[in-house]
*Asks:* 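I have a structure here, written as C-alpha cells, and I will follow up with some questions on it.
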Amino acid sequence: MEKIAVVILNWNGVKLLEQFLPSVIQYSPEATVYVADNASTDESIAFVKNNYPTIKIVQNKTNQGFAGGYNDALKHIDAEIYALVNSDIEVTENWLKPILETFEKEPETAIIQPKILDFKKKDHFEYAGAGGGFIDKYGYPFCRGRIFDTLEKDNGQYNDVTEIFWASGACFFIRSVVYKELRGFDEDFFAHQEEIDLCWRALNKGYRIKYNSGSVVYHVGGATLEKSNSKKTYLNFRNSLLMLTKNLPQKKLFQVLFIRMLLDGVAGVKFLFSGQFAHFMAIIKAHFSFYRLFFNNYKKREINQIEIYFKAKSIVYGYYVKNGTVFVDVI
C-alpha cells in the first residue's frame, strides 16, 4: 500500500494539466500521482501519457461529476492517504510534509486542508476553502478568509493548525479507511458541497478535521464551472438542503429547513429584482429537486446525529445586516 496518493480529477482539462501538473510532479516526491479522468473527450489522456509517463491514469467510463468521479477512481487506488486535488491547483515546495506529520501525530484526525490562496492574486485567500471551512446553523458555508464573496488578504492571521468544520474539496486530504467507512462522497450531490457533507458525516462519527497552514497551495477556482453559471447556483442551493436533511439532529431538522427555505426565497427575489433570472430559476429548480430527493436522503441519516457547535448563528444576518465582512465579524 502506498503512503499517499495525489489524485487529480480531470474532465476535458488538458490546458489545466499542462499548466499545473509540473508543480505537482516537482513538489510531491513522497506521493504517487494519479490522474483520474472523468470520460474526457479532449486530449487529456494522450497529453499525460506522452509527457508524464510516471503518472498513473485511472479512466472512468462516464462523467459522474466530482462525487461519483472520485468514488469510481479511488476504488482502484491503494493508499493510506488520499490527496484529492483539483486540476487548477498549483502546489508549493514541501506542501505534503506538514500534512503527513499531522496525520502521523494525530490518529483521530481524519481529514486535513492546507491554506488555499488565490492563484490570480496570491496575497489573498481563495473562495474555495481559504483558511478552513465552517457552516452557520442554516447550512451556509463560510471560511476563515472568506465570507460570501468577500475575500481577506493573507496577513498571516490564519497561520495555525486548528480544528475546522469542513475541508475544501479543492485540496482535500483524507485517510482512505475513513473514506471507505463513510462510503465516499454522496453521488446525489454530483458536485458542490459534497465535501462538506462528507466532513459532517465524519464529525458525526467522532473524527476530527484540521486546517494546517504549513501547507500552501494556490487555486484558480471556477475553472470547471464559473460562479456566474446558474448550474452552480442550482447545485449549491439544492445540495445545502440535502446536507442539512442528512446531518442535522432530528429535533432541529424541520425548523432549520423551514427557515433556510425562506432565506432561499429571499435570495431568489434578490436575483429576480437584479435581473438575474437564470439564477432565480435555478433556486426554484433546486427546491423541486430537493423535494424529489428528500425521502431518499432522509433515510441516509445516521441513527444518532451529534450536537454540532456552529461558529455562527447566521452569516446572512452578520454579513448583510451587521456588515461583517471578515471571519471575526460574523462568529
Side-chain angles (χ1 to χ4, degrees), residues 112-171 192-193 195-196 199-200 203 208-214 216-219 221-222 227-228 232-233 236-237 239-241 243-244 247-248 252 255-257 259-271 273-274 276 279 283 307-331:
I112 305 176
Q113 180 201 297
K115 178 192 283 190
I116 302 178
L117 298 176
D118 192 332
F119 179 77
K120 299 173 185 175
K121 197 175 183 181
K122 293 194 172 182
D123 61 349
H124 279 68
F125 286 95
E126 206 278 321
Y127 184 92
F134 297 88
I135 63 171
D136 73 2
K137 68 182 294 185
Y138 302 116
Y140 289 101
F142 63 103
C143 307
R144 301 194 309 166
R146 189 269 293 177
I147 309 296
F148 286 115
D149 293 333
T150 301
L151 298 163
E152 292 181 46
K153 186 176 181 180
D154 176 22
N155 295 314
Q157 66 270 45
Y158 305 123
N159 283 356
D160 56 11
V161 179
T162 189
E163 289 195 47
I164 56 177
F165 189 91
W166 59 269
S168 172
C171 192
H192 297 294
Q193 299 197 36
E195 79 269 46
I196 306 178
C199 287
W200 199 339
L203 291 171
R208 299 170 71 186
I209 302 166
K210 286 290 189 73
Y211 160 86
N212 190 326
S213 66
V216 179
V217 302
Y218 297 94
H219 184 217
K227 193 174 73 169
S228 60
K232 181 172 261 187
T233 300
N236 275 323
F237 276 80
N239 291 352
S240 187
L241 293 171
M243 178 178 64
L244 291 170
N247 296 296
L248 275 173
K252 296 180 178 180
Q255 177 188 8
V256 171
L257 277 178
I259 295 172
R260 173 56 192 267
M261 292 170 81
L262 289 178
L263 291 170
D264 286 359
V266 173
V269 171
K270 184 173 181 290
F271 279 132
F273 280 94
S274 62
Q276 300 180 74
H279 292 277
I283 294 177
E307 288 285 343
I308 298 292
Y309 168 70
F310 295 100
K311 281 282 188 181
K313 292 183 178 180
S314 173
I315 63 165
V316 173
Y317 178 79
Y319 186 83
Y320 289 106
V321 178
K322 294 180 63 179
N323 297 315
T325 58
V326 298
F327 181 77
V328 294
D329 290 340
V330 300
I331 60 173

*Asks:* Taking the side chain as every heavy atom from C-beta outward, state whether K122 and L117 have any atom pair closer than 4.5 Å.
*Replies:* no
*Asks:* Would you give the length of the straight line joining atom CG of N247 to atom CG of L203, rounded to the nearest 0.5 angstrom?
*Replies:* 9.0 Å
*Asks:* Listed by chain and number, what are the salt bridge (charged side-chain N to carboxylate O under 4.0 Å, His left out) partners of D154, not counting sequence neighbours?
*Replies:* K115
*Asks:* Indicate yes or no: at least one non-hydrogen side-chain atom of R144 is less than 4.5 angstrom from one of D160.
*Replies:* yes
*Asks:* Are the side chain of E126 and the backbone N or O of I116 linked by a donor-acceptor pair below 3.5 Å?
*Replies:* no
*Asks:* Taking all non-hydrogen atoms of both residues, which atom of S168 and which atom of A128 are closest, and how far apart?
*Replies:* OG-O, 2.8 Å
*Asks:* Does atom OH of Y317 have more than 12 heavy-atom neighbours from other groups under 6.0 Å away?
*Replies:* no
*Asks:* So do L241 and D264 actually touch side chain to side chain, heavy atoms under 4.5 Å?
*Replies:* yes
*Asks:* Just distance, no hydrogens or angles: give the donor-acceptor pairs under 3.5 Å from side chains in residues 318-331, sequence neighbours left out.
*Replies:*
residue, atom, partner, partner atom, Å
Y319, OH, T150, OG1, 2.7
D329, OD2, T325, N, 3.4

*Asks:* With a 4.5 Å heavy-atom cut-off, do C143 and F125 have their side chains touching?
*Replies:* no
*Asks:* Measure across R146 and P141 and return the closest heavy-atom pair with its distance rounded to 0.1 Å.
*Replies:* NH1-O, 3.5 Å
*Asks:* Locate the shortest heavy-atom distance separating P114 from V217; write the atom from each residue and the value.
*Replies:* CG-CG2, 4.1 Å
*Asks:* Which pair of heavy atoms, one from Y211 and one from A130, lies closest together, and at what distance?
*Replies:* CE1-O, 3.9 Å
*Asks:* Measuring only between side-chain heavy atoms, which start at C-beta, is K210 closer than 4.5 Å to E163?
*Replies:* yes
*Asks:* Heavy-atom distance under 4.5 Å between the side chains of Y127 and D118, does that happen here?
*Replies:* no
*Asks:* Which atom pairs, one a donor and one an acceptor, fall under 3.5 Å between side chains of residues 131-140 and the rest of the protein, sequence neighbours left out?
*Replies:*
residue, atom, partner, partner atom, Å
D136, OD1, Y138, N, 2.9
D136, OD1, G139, N, 3.1
D136, OD1, Y140, N, 3.0
D136, OD2, I315, N, 2.9
Y140, OH, R260, NE, 3.4

